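What follows is one structure encoded as structure tokens, with my remarks underneath.
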2 protein chains.
Amino acid sequence: MTLRPTQACDQCTLRQLCLPMGLPDTELWQLDEIVQQRRPIEKGSTLFSMGSPFEYLYAVRTGTMKTVLMGDDGTEQITGFALAGELLGLDAIHQGSHPVTAIALESTSVCAVPWSLVEDLSGRLPTFRQHLMGVMSRGLASEENLHALLGQRSAEQRLATFLLSLSQRHHARGLAADRFILPMSRADIANHLGLTQETISRLFTQMRRQGLIELHTRDLYIPDLDALRTTAGVSTSAASSA
Amino acid sequence: MTLRPTQACDQCTLRQLCLPMGLPDTELWQLDEIVQQRRPIEKGSTLFSMGSPFEYLYAVRTGTMKTVLMGDDGTEQITGFALAGELLGLDAIHQGSHPVTAIALESTSVCAVPWSLVEDLSGRLPTFRQHLMGVMSRGLASEENLHALLGQRSAEQRLATFLLSLSQRHHARGLAADRFILPMSRADIANHLGLTQETISRLFTQMRRQGLIELHTRDLYIPDLDALRTTAGVSTSAASSA
DNA sequence: CGCTCAGTTGACGTATCTCAATCTAAGTGG
DNA sequence: CCACTTAGATTGAGATACGTCAACTGAGCG
């Protein structure tokens with residue numbers, strides 16, 4: 001047993017995906033020193049709320065979060081899902097407060113990085129800065145893909161694309177691309193894709209009948225990824241998180 | 001007549017909106033020295049194409065551009081419109097090539113800033129870096145709003161919100177909020193909002209009959225902005241560009 | 001073992017799309 | 001300066017994908 005906290009960045013399996021990507025070992029300790037390991041956020045509870053001041057960037061360690069934009073009229077839009085290794089809060093830099101609420105879909109642990117530290121490291125370490133800007137740039141490109149998905153695609157194509165996006169992101173984490181658990185409800189998927197719960201449910205049974213997927217509750221298996229890609233409309237580059 | 005090019009950043013009316021915002025005068029010349037003023041891009045021609053290498057960040061000086069994401073199957077999605085002072089190319093940093101094609105809606109002039117210069121200035125000037133990250137962050141937040149617009153709102157609400165967004169952006173440039181020219185076609189508006197040309201046309205005549213707008217060809221007048229906000233669904237913070 | 005909430009399925013309604021026919025504005029060449 | 005052309009815009013009639021409302025079912029949990 002070592003005295004080093006098991007959550008240390010240099011031990012983290014997500015290091016290649018997460019904020020410290022590209023940081024030299026000699027600088028990594030600066031993150032380790034200051035990054036706060038919060039106790040897990042319970043399913044359904046919020047990490048930060050829309051309108052709250054922006055102080056930390058968060059990296060998901062384990063679990064899954066959703067980000068929700070609440071409308072004045074009570075409508076809610078799920079703008080994205082954050083898997084392990086993905087960052088939350090980059091959309092808050094501009095106005096200094098979070099434009100969305102972050103809610104845990106399951107028990108989820110995060111690393112909290114003070115924004116002031118990120119700014120400091122950005123000024124001193126070009127590699128770190130480039131990585132950070134790359135992440136933001138990728139976020140912009142992803143949302144453009146999502147825009148095209150919502151604007152041009154049928155319900156079936158949206159759902160297939162969404163499943164492929166999850167598959168791809170799991171694969172990027174070294175997990176199986178064809179078998180994983182959906183951490184979110186049908187209603188969450190529907191909301192995110194601009195559809196209704198009922199439509200998602202109908203599509204799932206239709207896809208089951210076509211042999212495109214096997215799905216028990218939230219346990220998903222995709223026997224033929226290429227077949228799913230075909231129904232998605234050949235969009236290989238699926239949209240990712242926000 | 002001065003020998004200084006009239007396009008110099010320190011003379012530019014967009015300085016407070018554009019990339020050099022917050023740059024000290026003592027540093028401004030570094031942009032001026034290197035920024036290329038391109039000859040105007042004619043209506044309908046492209047500034048850069050999807051897939052082309054990312055070398056420059058572009059700032060719109062005059063005119064309007066649209067950014068289009070082309071699908072493998074021939075579908076096109078207009079992801080945003082860039083007005084004077086807005087930046088193009090931030091979504092290309094990550095993958096090193098442009099994910100969208102930029103097309104001029106009218107004769108448009110841009111400033112081309114080498115990305116290497118931007119990176120250099122980002123490393124040396126904290127204020128500049130903060131501004132740049134702020135712009136990207138705002139882009140992320142804007143696209144989240146757009147997501148909610150496409151996912152939750154009716155055709156009428158989408159169009160009203162879109163007009164208010166244009167109005168607001170004109171106002172931010174010191175122009176009239178209630179009277180401006182639509183630089184894009186009905187088909188472009190429709191595509192951007194996930195609707196059809198016919199629906200937009202029908203909504204325009206409906207809004208005309210309700211007295212919400214006056215519109216001759218592309219000449220728009222909004223007699224009562226608050227009324228339009230009401231039909232938009234009280235979303236004061238309208239979505240902006242991409 | 002029954003409560004509760006997520007998920008499924010059905011019947012029906014409708015906002016928006018599709019197809020197609022004008023109509024209008026802005027050029028363009030004679 | 002006026003026919004002619006052409007692309008954009010408007011309008012109508014009919015089709016449909018998806019939503020709404022509502023009942024039912026199954027899974028997890030105390």
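Given the structure is predicted, the values throughout are model-derived calculations rather than measurements. Throughout, protein chains are lettered first and strands after them, A, B, ... in sequence-line order, and every chain is numbered starting at 1.
- B:His216 has its NE2 atom 15 Å from the P atom of D:dA9, to the nearest Å.
- Rounded to whole Å, atom P of D:dT10 lies 9 Å from atom CD1 of B:Ile213.
- Counting to the nearest Å, the C1' atom of D:dG8 and the CG atom of B:Leu215 are 13 Å from each other.
- Nearer to the 5' terminus of DNA chain D, by closest-nucleotide assignment, is the contact made by B:Ser185 (compared with the other of A:Ser154 and B:Ser185).
- Going from atom CG of A:Leu182 over to atom C1' of C:dA6 covers 13 Å, rounded to whole Å.
- The distance from atom CG of A:Leu195 to atom P of C:dA15 is 18 Å, rounded to the nearest whole Å.
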Exercise. Could you give me the CA-CA distance, side-chain angles and deciding distance for A:Arg158 and A:Leu203, then say whether side-chain contact (heavy atoms from CB on, under 4.5 Å) is met?
Key: CA-CA 10 Å; A:Arg158 292 187 211 184; A:Leu203 287 171; over 6 Å; no
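- Nucleotide C:dA15 holds its C1' atom 16 Å from the CG atom of B:Leu193, rounded to whole Å.
- In this structure, B:Arg158 reaches neither bases nor backbone, as no heavy-atom distance under 4.0 Å exists between it and the strands shown.
- Phosphate proximity of C:dT8 to A:Arg202: absent, as no side-chain N or O sits under 4.0 Å from OP1 or OP2.
- Look at B:Thr205 and you'll find a side-chain N or O under 4.0 angstrom from OP1 or OP2 of D:dT11.
- Between B:Phe81 and B:His192, the ring planes lie perpendicular to each other; the angle is over 60°, past the 30° to 60° tilted range.
- In this pair, B:Phe54 and B:His98 present their aromatic rings perpendicular. The plane angle is above 60°, beyond the 30 to 60° band.
- Comparing D:dG19, D:dT20, C:dG7 against the side chain of A:Ser201 picks out C:dG7 as the nearest.
- Contact annotation for B:Gly44: no contact, since no heavy-atom pair falls under 4.0 Å across all strands.
- Close to D:dC18, at under 4.0 Å from its OP1 or OP2, lies no side-chain N or O of A:Thr196.
- Counting heavy-atom neighbours within 6.0 Å of A:Glu42 CD, excluding the residue itself, gives a total of 12 or less.
- One finds no side-chain N or O of B:Arg186 lying less than 4.0 angstrom from the OP1 or OP2 phosphate oxygen of D:dG8.
- If you take CD of B:Gln206 and C1' of D:dA9, they are 17 Å apart, rounded to a whole angstrom.
- Phosphate proximity of D:dG19 to A:Thr199: present, with a side-chain N or O under 4.0 Å from OP1 or OP2.
- The residues B:Asp73 and A:Arg153 are annotated as salt-bridged, a charged nitrogen and a carboxylate oxygen being separated by less than 4.0 angstrom.
- When the C1' atom of C:dG7 is taken as reference, atom CE of A:Met207 falls 17 Å away, rounded to whole Å.
- Scanning atom types as modelled, one donor and one acceptor separated by under 3.5 angstrom connect the side chain of A:Glu198 and the base of D:dC21.
- Under 4.0 angstrom from either OP1 or OP2 of C:dG7 there lies at least one side-chain N or O belonging to A:Arg218.
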